[in-house]
Amino acid sequence: MNRDPLASGVTTDLLDVLIVGAGWSGMYMLHRCRELGLRARVLEAAPSVGGAWYWNRYPGLRCDVESYEYSYSFDQSLQREWVWSERFPSQPEILAYANHVADRYDLRRDIEFEARVNAACFRGDECVWEVTASRIGTRRARFLVMATGALSIPKKTDIPGLDDFGGTLIHTADWPSEPVDFTGKRVGVIGTGSTGVQVIPVIAETARQLHVFQRTPSYSVPAHNRPLTEEDRTRTLERYDEIRHIQRTSAIGTLAKPVAKSAFDLDDAARRELYDAKYGKGLAFELMVAFEDMLINEEANRTAQEYLASRIRERVKDPAVADILIPKEQFVGTRRICLDTGYYETYNRDNVTLKDVVRDPIRRITREGVELASGHIDLDTLVLATGFDAMTGALLAMDIRGTGGVRLRERWSQGPRSLLGLAIHGFPNLFTITGPGSPAVFSNMFVSIEQHVEWIADCLAFMQQHGHSRIEAGEAAQEAWVGHVSEVANATLFPRDKHSWYLGANVPGKPRVFMPYVAGVGVYREYCTNVAKQGYPGFEFA
Ligand code: NA7
């Protein structure tokens, strides 16, 4: 028998924990498993660590959370020693941080790279997960942790003729490692979500002509990004513990918190002053949750919509173009507000045109470019910033089979069902990090990831102590949680954003189920902590 599970080919050797994905979740999960004395390995599709930050390396990419808040908090020395150079970190700096973490904790020796998991099957008789991955074959483990990310599978682009395009076609989530030169090129960008908002101004700087194809406009706030000074760093380090505490108990895992119960507690002038203060400092999240009723009361939300629309009109010279860029009947905050650097001003350039593809639909992609209802646009390069099959995409891309061979794809055919976004009935000893039914994408992902990893690690320790070898989400508890998640969402404006990817609406045929838990990161953490303290009611052990 091959005793080395890292050797290539099939092995019957049994690991304690197999982790899928070497992004923030997978790396930290591996670290915690080692601390528990568990034999753990990670399988990762990419050649290196970083997850979404490895694949998404388009120019202009930055995190929308401030650097000192978007980082691990589990190790004081790590968070005190790593020096961030900018307020909103760029992709190369974030990837450098991911590599630093992998080296610092010597994680790579337990990560198998270029191993994309295709299938995972629970062998009930042995209580073992058998996992198959490209290049390496099969691995077996007692526990399986899916650290596969919420935004890791690009959405299949549903535009006819895409394969016919004769120029350079690039998806932002699979950007080439070598810099792409747009100089002198006629470039098209499809998609104006947070990715489009970031990449468009950068491409416009060198392209001969840039055509932006917009279906749904976004709300965006100028980032006011800047280099961080030594003084910024000292100030952050002085109150890092307090910052971390606020994050963990907050609504969305950042320092943003409401200043009043209702938007109407302030008169028009005071409210405008408040919005100005947030807008003027790149505090998009603070604007998004400025009032407790912002994401609940339509009228309260309208005050922010009108404010942001007025700002777009100020920044865009041509009123007709500004009008296309202003979201219509779209709430502020039911999708993350974007942070931009010169996004709206880009449309003041002579080499940039904006096409509203709702009024002038894309008929198809041709060999030479894009055919709109109004005519053809010739392109050398086409960039797709068309988003992701969010939250369930990566899990359902694998053929996951639980007890009795039941397929996750079948179980979730009407939408995801999970207990706390952490475990699924019918799939024993399987954990999902930031799965559907947890705050996930409606939070600072770092805060949510750390909380999930720690909860799973504590649960594994509990099982060790009590001699349990099997855990499964109970069906009744799972159904109650699914009901609670949608009840909370239904009390807000979120599900009324009918086209949002939070609802799965961006992917044709995907069930329309509101996926994130939006009661707040702090509320959710407390709930999970209490479940653990009470001996995991709702979970079944054997
Ligand atoms: P998003 O937010 O899903 O944005 C994708 C954009 O692409 C959005 O404007 C879509 O319009 C547009 N899109 C998608 N398909 C098409 C077609 N077929 N035709 C025209 N336009 C299309 O993804 P991002 O990558 O920007 O951001 C995802 C998250 O990553 C973000 O929230 C950050 O947290 C990081 P639609 O809305 O579907 O009408």
Side-chain angles (χ1 to χ4, degrees), residues 23 51-53 55-58 60-65 70 88-89 91 94 149-162 170-175 188-200 211-221 223 252-254 284-285 288 324-325 327-331 333-340 343 354-365 370-373 382-391 393 434 439-446 448 494 497-508 510 512 515-516:
W53 295 103
W55 297 108
N56 289 263
R57 47 183 113 81
Y58 59 83
L61 173 54
R62 284 183 189 284
C63 186
D64 58 359
V65 178
Y70 189 79
F88 293 105
Q91 181 269 344
I94 295 172
L151 295 165
S152 43
I153 298 288
K155 168 188 111 123
K156 281 201 186 76
T157 309
D158 46 341
I159 307 172
L162 207 55
I170 311 174
H171 196 295
T172 48
D174 191 14
W175 198 266
V189 175
I190 302 180
T192 49
S194 125
T195 300
V197 164
Q198 291 190 335
V199 81
I200 285 164
H211 300 276
V212 177
F213 302 94
Q214 173 195 278
R215 188 160 70 187
T216 306
S218 293
Y219 288 108
S220 186
V221 164
I252 51 177
T254 70
F285 292 124
M288 196 166 114
I324 299 171
L325 288 164
K328 314 286 177 310
E329 293 167 22
Q330 194 179 305
F331 300 114
T334 53
R335 303 167 185 211
R336 268 163 106 119
I337 302 180
C338 303
L339 270 183
D340 71 273
Y343 176 63
L354 176 64
K355 302 287 176 192
D356 176 356
V357 303
V358 174
R359 280 189 225 160
D360 185 7
I362 298 176
R363 293 244 193 270
R364 65 190 177 100
I365 308 295
V370 172
E371 189 182 309
L372 295 171
L382 179 58
V383 174
L384 301 176
T386 42
F388 298 87
D389 184 352
M391 298 198 81
T434 62
V441 288
F442 186 60
S443 70
N444 172 355
M445 286 300 282
F446 244 113
S448 292
F494 283 98
D497 184 347
K498 295 285 177 223
H499 301 292
S500 153
W501 54 258
Y502 287 9
L503 257 181
N506 64 330
V507 176
K510 189 164 172 170
R512 299 287 190 271
M515 294 180 283

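For ligands, and for the atoms within them, numbers begin at 1 and follow the listed sequence.
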_Within the supplied structure, the quantity of interest is the number of heavy atoms (other residues, nucleotides, ligands) at a distance under 6.0 Å from K328 NZ; does it exceed 12?_
yes
*Residue contacts for ligand 1, heavy atom to ligand atom, distance under 4.0 Å*: L151, K155, D158, I159, I190, G191, T192, G193, S194, T195, R215, T216, R335, R336, A385, T386, G387, F388, W501
*Residues two or more places apart in sequence or in another chain: which of them pass salt bridge (charged side-chain N to carboxylate O under 4.0 Å, His left out) with D174?*
none
*Are S448 and S443 linked by a side-chain donor-acceptor pair shorter than 3.5 Å?*
yes
*About how many Å separate CE of M288 and OG1 of T254, when rounded to the nearest 0.5 Å?*
8.0 Å
*Rounded distance [0.5 Å steps], CG in L162 versus OG1 in T386*: 8.5 Å
*Classify the ring geometry between Y502 and F494 as parallel (under 30°), tilted (30 to 60°) or perpendicular (over 60°).*
parallel
